[in-house]
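These notes concern the structure reproduced below.
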Amino acid sequence: MEDLEALDPSPQLVTDVFARACTSRAAFEDVTSRWSSLVMLALAEGPHRFGELRRRVEGVSERMLAQSLRGLERDGLLIRDVAGTIPPRVDYALTPLGASVAESLRVLADVLEGAVPEIDRARLDYDAR
């Protein structure tokens, strides 16, 4: 019996998005923040510069865009490519992991975009109560 317990993974090696200390949970929180999700969807269309992202993701402030980009870069979901030009040109692009995550986000966005009439009806019904 003791030999079997020795084969169990250490709690530190178990990944569980519901566990407070799990890296996947922190990354999940980063990805599912309002601005980060939209930034990833925009980057799934191709590399963008900061100003292009700001225009593509309507309503995001410079501060929130910068914060989202830093978090996604830290999680390994995007890369920041600084060209050695004057002035420097900075492009953002998804990593392979980021592209995989963005693909799933695109499926979710497509479902929600397709459900707009149903969502609008539900909101009207809810608000009428």
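Reckoned from all heavy atoms, side chains included, excluding hydrogens, waters and symmetry mates.
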Exceeds 12 heavy-atom contacts within 6.0 angstrom, atom CZ of Phe50: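 Count over threshold, so yes.
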Just wondering, more than 12 heavy atoms not from Glu113 lying within 6.0 Å of its CD?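 Result for CD/Glu113: enclosed.
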Rounded distance [0.5 Å steps], [atom1] in [X] versus [atom2] in [Y]:
| X | Y | atom1 | atom2 | value |
| --- | --- | --- | --- | --- |
| Glu29 | Ser24 | CD | OG | 9.5 Å |
| Glu52 | Leu43 | CD | CG | 10.0 Å |
| Leu78 | Leu72 | CG | CG | 5.0 Å |
| Arg25 | Thr23 | CZ | OG1 | 12.0 Å |
| Ile119 | Leu124 | CD1 | CG | 12.0 Å |
| Met40 | Asp30 | CE | CG | 10.5 Å |

Test your reading of the model: is there a side-chain donor-acceptor pair from [X] to the backbone of [Y], 3.5 Å cut-off?
| X | Y | value |
| --- | --- | --- |
| Glu118 | Ala115 | no |
| Ser36 | Thr32 | no |
| Arg54 | Val60 | yes |

Please name the pair of heavy atoms, one in [X] and one in [Y], separated by the smallest distance, quoted to 0.1 Å.
| X | Y | answer |
| --- | --- | --- |
| Cys22 | Thr15 | SG-CA, 3.7 Å |
| Ser68 | Trp35 | OG-CB, 3.5 Å |
| Arg80 | Val82 | NH1-CG2, 3.4 Å |

I'd like to know whether Leu69 forms a side-chain contact (heavy atoms from CB on, under 4.5 Å) with Leu53, so could you lay out the CA-CA distance, the side-chain angles of the two residues, the decisive distance to 0.1 Å, and finally the verdict. CA-CA 10 Å; Leu69 290 168; Leu53 284 170; 3.9 Å; yes
Would a single hydrophobic cluster contain both [Y] and [X], if residues Ile, Leu, Val, Met, Phe, Trp and Tyr are joined by side-chain heavy-atom contacts under 4.5 Å?
| X | Y | value |
| --- | --- | --- |
| Met64 | Val90 | yes |
| Val39 | Leu41 | yes |
| Phe28 | Leu105 | no |

Dump the intermediate steps for salt bridge (charged side-chain N to carboxylate O under 4.0 Å, His left out) on Arg106 and Glu45, then the final yes or no. CA-CA 11 Å; Arg106 183 73 257 168; Glu45 299 168 351; 5.3 Å; no
